[in-house]
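The block underneath contains the structure these notes are about, expressed in structure tokens.
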Amino acid sequence: MKNIENGGTNSNVKSGSRTDSAVDFGHVSVKKVNSMARPLIEWFLGCQRKHLPWRKTKDPYRIWISELMLQQTRVEQAIPYYRRFLKAFPTLPRLAMANQSAVLKVWEGLGYYRRAKYAHEAARIVLKDYRGKLPNNYDDLRALPGFGPYTAAAVMSIAYGKPYAALDGNASRVLSRLFILQEDPTTADAKRRRTEILQGMMRGSDPSTFTQALIELGALLCSPRSPRCSECPIQESCSAFRYLPDPAVLPIRKERKKKPHYNVSAGILERDGRILLKKRPNTGLLANFWEFPGGKQLANRSREETCRIRFKSETGIEIRITDKICVVKHEFTHFRITVHFYTVACQKSPSPKGTARWIRKGSLKRLPFNLVSKAGLEAYERKK
DNA sequence: AAAACGGGGAT
DNA sequence: ATCCCAGTTTT
Ligand code: SF4
């Protein structure tokens with residue numbers, strides 16, 4: 001089995017026809033690679049979090065949804081979403097037949113909303129091309145939207161029991177410490193190399209158990225900040241534990257760029273029990289989410305003027321400011337914003353342009369909003 | 001290779 | 001305030 005991919009497009013590692021003893025991991029010991037799986041798996045069988053909802057199944061659809069939700073997302077945060085999602089869409093065909101906005105609404109609050117879009121798209125493809133069953137094949141999975149090297153390998157190993165190496169942040173961190181890999185783990189080279197090592201490590205083990213065991217080790221013991229080496233089942237094999245005063249110095253991390261900050265003004269316009277909202281574009285940040293019309297602070301303008309001008313350009317509607325509602329601060333992945341909410345009024349009941357719509361207040365609960373809009377709306381309802 | 005893409009919890 | 005999480009896609 002191979003799932004190593006070259007720079008960018010992974011196929012899980014291609015190692016030709018080399019035998020075990022010929023596998024070369026540089027200074028990574030073959031003996032160590034071969035001796036680690038057993039204690040790791042024994043520890044996992046005794047100490048894993050058996051209550052995690054996705055541990056109760058090997059249904060490829062459910063494993064897929066769990067892996068998708070867990071991308072860059074903490075276990076505790078994903079659990080309620082996993083339950084709600086599978087209650088709403090119990091099977092892959094049910095997901096495929098669902099309305100895209102319904103899928104997005106269930107995902108609301110979980111972040112990285114492209115994942116919801118991909119889940120829906122992939123489900124439709126699988127229903128059409130694979131009779132509703134996720135393909136039992138790495139390359140076919142990789143071809144589906146949202147299936148990168150990790151997710152494809154995770155489904156192949158965890159659900160289908162095939163020996164594909166699933167390299168996630170946990171597995172990568174454990175490898176960094178186990179073999180004192182001082183390279184930057186984010187490069188294509190490092191990923192390829194680490195996937196190879198993983199493939200060697202999982203040889204001879206049950207792939208489903210091994211994949212979950214290594215990830216669980218990274219989550220429970222070999223944590224980013226303070227690894228609990230004294231409880232670690234592979235302590236004896238671990239070079240970082242043996243040679244470094246503090247294994248937590250690995251993996252090395254690159255310094256981050258500072259986040260820019262923007263001020264934003266937004267207007268809340270209500271008329272005849274309806275509120276004027278704007279749907280965000282189909283791509284990019286918070287794609288297809290709804291929000292209050294407004295925009296970034298304009299140079300040499302007041303916040304109120306900014307609100308009025310931005311509101312007009314997004315909706316075509318002339319408004320005047322009637323009151324200030326609240327100020328909401330929020331942090332996204334790459335920037336921070338401070339949003340100034342105002343109540344606004346207009347002359348008649350004009351029809352909006354673009355993606356702006358009058359939404360009945362009773363319908364708000366069916367539309368997806370991010371935390372900023374929710375905070376603005378809540379403050380508005382409270383103040384009225 | 002780098003940037004874009006959310007939100008929350010831990011330190 | 002900073003890090004980073006069961007990563008993938010686009011640029
Ligand atoms: S001994 Fe410590 S550093 Fe090494 S794998 Fe175990 S928890 Fe991680």
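Quick caveat, the model's predicted, so the values are computed rather than measured. What you see below is based on every heavy atom in this structure, not just the backbone, and it leaves out hydrogens, waters and symmetry mates. Residue numbers begin at 1 in each chain, while the letters A, B, ... track the order of the sequences.
Within 4.0 Å of R173(A), counting heavy atoms only, lie sugar-phosphate atoms of the nucleic acid but no base atom. Note on W54(A): a base of the nucleic acid sits closer than 4.0 angstrom, heavy atoms only. Note on R280(A): nothing from the nucleic acid sits closer than 4.0 angstrom, heavy atoms only. Residue-level contact check: T151(A) touches the backbone only, with heavy atoms under 4.0 Å from sugar-phosphate atoms and none from bases.
Heavy-atom contacts from other residues, nucleotides or ligands closer than 6.0 Å to CZ of R360(A) number 12 or fewer.
S265(A) and T306(A) share no donor-acceptor pair across their side chains, judged by distance under 3.5 Å alone. In this structure, a donor-acceptor pair under 3.5 Å is absent between the side chains of Q71(A) and Y150(A).
Mapping L70(A) and E255(A) onto DNA chain C by nearest heavy atom places E255(A) closer to the 5' end of the strand.
Screening residues 240-254 of chain A for salt bridge (charged side-chain N to carboxylate O under 4.0 Å, His left out) gives D184(A)-K254(A) as the qualifying pairs, with residues at least two apart or on separate chains.
Going from atom CG of D184(A) over to atom P of dC4(C) covers 12 Å, rounded to whole Å. Rounded to a whole Å, the CD atom of E121(A) is 11 Å from the P atom of dT9(C). Between the NZ atom of K259(A) and the C1' atom of dA1(C) there is a distance of 10 Å, given to the nearest Å. For the pair Q48(A) CD and dA6(C) P, the interatomic distance rounds to 16 Å; values are reported in whole Å. Note: NZ (K117(A)) to C1' (dT8(C)) measures 13 Å, nearest angstrom.
Taking the P atoms as reference points, dG8(B) lies 24 Å from dT9(C), given to the whole Å. Nucleotides dG9(B) and dT8(C) have their P atoms positioned 24 Å apart, rounded to a whole Å.
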* Structure fact -> The contact string for nucleotides 5-11 of chain B, one letter per nucleotide 5' to 3', using protein heavy atoms under 4.0 Å with B, S and - for base, sugar-phosphate only and none, comes out as BBBBS--
* Check the pair T73(A) / R115(A) against side chain to side chain donor-acceptor pair (under 3.5 Å), numbers first and verdict last. => CA-CA 12 Å; T73(A) 305; R115(A) 295 181 292 179; 3.1 Å; yes
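The pair D139(A)-R142(A) does not count as a salt bridge, with every side-chain nitrogen at least 4.0 angstrom from each carboxylate oxygen.
In this structure, the ring of F335(A) has its center less than 6.0 angstrom from the ring center of F332(A).
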